[in-house]
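Each ligand, and each atom within it, is numbered from 1 in the order the structure gives.
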Amino acid sequence: MKILFVVSELTPIIKVGGLADVAGALPIALRALGHDVRVLLPKYGTIDYSQFPSKRRWSRLTVTRPAGQATINIDEGRIPNSDVPLYYLDWPEMFGLLPNQSWAGVYYEQSGSAGYRKEMERFVSFSWAVPQLLEQIDWQPEVVHCQDWHTAAVPVFLQLRGYRSATVLTIHNLGNQGRWRADEVFSWLGLRGTELPVLSSRDRHGDLNLLQLGIHATDVVNTVSPTYAKEILTTKYGEGLERDLTGRVLAVAGILNGLDTIRFNPATDSSLSPTYNQKTAILGKRKNKEHLQRVLRLPVDPTRPLCISIGRLSSQKGLELVARAGPWLNSQRLQLVVLGTGLPEVEAQLSGFAHRYCAWARLQLGFDAVLAQLLYAAGDFFLMPSRFEPCGLTQMIAMRYGCLPIARATGGLVDTVIDVADNPKRGTGFLFGPFTTAAMISAIARARRVYDQPRVLAPLIARAMRYDFSWDKSAHAYLDLYAQAINHATTI
Ligand code: ADP
């Protein structure tokens with residue numbers, strides 16, 4: 001099958017969150033199954049191209065817009081450690097390093113409405129370019145696989161051009177939808193808004209909503225875990241799009257993400273000191289913990305469990321529960337390290353917390369892939385009190401490194417973490433239901449008790465590390481989905 005994977009971020013080239021990890025791994029798994037999968041990514045000015053070589057593949061392609069015809073080149077590289085072709089869409093006006101360099105990152109939603117407008121314009125333009133570029137190159141996909149709101153409008157624009165290809169839209173996070181005033185978006189593209197019925201849809205805010213458009217226009221929609229696929233049909237988790245999702249002819253499928261088990265492997269990870277495997281995990285983790293405690297100037301003490309949390313500091317991740325649990329945590333002889341970056345108010349709250357409890361808590365603000373790996377290796381428990389969680393990769397990486405998740409029972413966390421209390425023989429972590437500090441505290445207290453019983457802890461760590469993280473099963477599920485999309489596209 002010929003598949004074009006269209007995406008806004010990709011590990012290890014440019015990464016903000018789990019979407020990048022999926023983009024860097026699923027195409028490789030599909031390729032291993034014998035499929036001709038290629039990936040299209042914007043050529044961001046912030047990518048370090050000395051590390052990721054590429055060559056010009058197609059020159060001087062054109063894209064029409066009212067602002068004038070844009071001339072675009074496409075460079076070809078490879079997803080690192082694979083032979084999957086990676087096409088960089090070279091459009092400096094949209095994605096290059098501009099005099100105002102803050103525009104050159106991936107997303108700017110946190111930089112206010114001007115930033116968000118710019119972000120909308122560049123991803124609308126990226127999606128707009130896709131069908132026109134496909135018309136001019138000598139490779140045609142049978143399926144175009146779009147990811148999240150950034151490329152959700154691609155199925156609409158393919159239809160507008162009459163381009164015949166099936167489409168799949170994967171929702172990695174319904175919390176971000178790509179909303180803006182319809183008249184302005186149409187003005188960027190020279191559309192009246194009457195060209196297709198779907199263009200007249202508006203969301204509950206009265207905005208044009210790219211994810212909503214995609215949900216209606218694509219052949220098949222899916223999301224990244226079975227539980228989240230059910231949750232998003234409800235008003236509690238549907239973020240205003242539950243009716244759009246429920247109304248689809250083909251139900252929203254839930255396919256769990258896998259992990260890149262070569263990249264995330266404690267036995268070979270050069271960020272660790274030392275590396276370890278299932279057999280040497282207890283000693284290996286203890287040494288990494290000592291190392292980390294020294295680096296972060298925490299008391300070097302193996303009797304204290306080290307809880308870690310890594311992720312975007314957004315309201316989704318629910319770390320305010322941790323901030324509110326300060327007095328209780330303070331009485332527990334444990335340590336806590338949070339690594340993340342995100343909303344200024346969440347950063348400020350956690351920074352106040354870390355300051356107050358500096359005897360045992362640290363906040364590392366920023367994006368640091370090397371420190372993240374060391375933390376997974378050093379950590380005993382991974383805190384993930386998410387409000388909602390489409391799939392979540394951090395808890396899987398944590399398990400792979402023998403760091404046991406303490407997580408809220410929502411979305412993909414339900415599908416990937418088995419609570420030891422529910423299933424002592426298969427359990428890999430600790431789950432709690434209500435989004436409350438009390439519920440989280442009781443899960444941490446259970447974990448704390450397990451930590452003090454090495455005979456219970458060791459098999460749990462081994463079991464967590466043995467969890468099936470591979471992409472293989474999910475890659476097959478995506479192939480079924482592509483077949484479904486092709487079938488749908490040919491019957492409408
Ligand atoms: P989401 O996609 O909601 O951001 P996921 O759990 O699916 O969350 O994936 C997050 C990915 O990004 C993981 O690989 C995690 O290790 C990584 N990550 C998130 N924040 C940071 C950070 N501040 N530094 C390093 N890695 C990070």
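- Side-chain rings of Tyr88 and Tyr49 approach one another, their centers coming within less than 6.0 Å.
- Atoms of ligand 1 lying under 4.0 Å from at least one heavy atom of Lys317, given by number and element, are 1 (P), 3 (O), 8 (O).
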List the steps, then state whether ring pair (Phe, Tyr, Trp, His ring centres under 6.0 Å) holds for His35 with Tyr482. CA-CA 12 Å; His35 296 276; Tyr482 297 153; 8.2 Å; no
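- Close approach to Tyr376 involves these atoms of ligand 1, each under 4.0 Å from a residue heavy atom: 15 (C), 16 (O).
- Under 3.5 Å, the side chains of Glu231 and Thr410 contain a donor-acceptor pair of N or O atoms.
- Of the protein's non-hydrogen atoms, Arg312 NE, 2.8 Å is the one closest to atom 4 (O) of ligand 1.
- Atom 10 (C) of ligand 1 has as its closest protein heavy atom Gly18 N, 3.5 Å.
- Here the heavy atom of the protein found nearest to atom 13 (C) of ligand 1 is Asp21 OD2, 3.6 Å.
- Heavy atoms of Ile397 found under 4.0 angstrom from ligand 1 belong exclusively to the side chain.
- Atom 22 (C) of ligand 1 has Phe367 CD1, 3.5 Å as its closest protein atom, hydrogens excluded (heavy atom only).
- What you find for Lys289 and Arg304 is that their closest heavy atoms are NZ-O, 2.8 Å.
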For the pair Tyr237 and Glu242, evaluate side chain to side chain donor-acceptor pair (under 3.5 Å) and give the outcome as yes or no after the intermediate values. CA-CA 8 Å; Tyr237 290 98; Glu242 57 277 6; over 6 Å; no
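- Under a 4.0 angstrom heavy-atom cut-off, Lys15 registers as being in contact with ligand 1.
- In this structure, Phe126 and Leu40 have side chains that are in contact, with non-hydrogen atoms separated by less than 4.5 Å.
- Taking the side chain as every heavy atom from C-beta outward, Thr437 and Ile441 approach each other to under 4.5 Å.
- Ligand 1 places these atoms under 4.0 Å from at least one heavy atom of Gly392: 6 (O), 7 (O).
- Residue-ligand proximity, Ala372 to ligand 1, at heavy-atom distances under 4.0 Å covers atoms 25 (C), 26 (N).
- Considering each of Gly366, Pro390, Gly17, the one bringing a non-hydrogen atom nearest atom 23 (N) of ligand 1 is Gly366.
- Among all non-hydrogen protein atoms, the one lying nearest atom 24 (N) of ligand 1 is Asp368 N, 3.0 Å.
- The heavy atom nearest to atom 5 (P) of ligand 1, considering only Asn257, Asn173, Leu19, Leu393, is found in Leu393.
- At a cut-off of 3.5 Å, with distance as the only test, no side-chain donor of Asp415 or Tyr228 sits close to an acceptor on the other residue.
- Put simply, the residue from Asp244, Asp207, Asp203 that forms a side chain to side chain donor-acceptor pair (under 3.5 Å) with Gln212 is Asp244.
- The nearest non-hydrogen atom to atom 19 (C) of ligand 1, considering only Gly342, Gly311, Ala369, Gly175, comes from Gly311.
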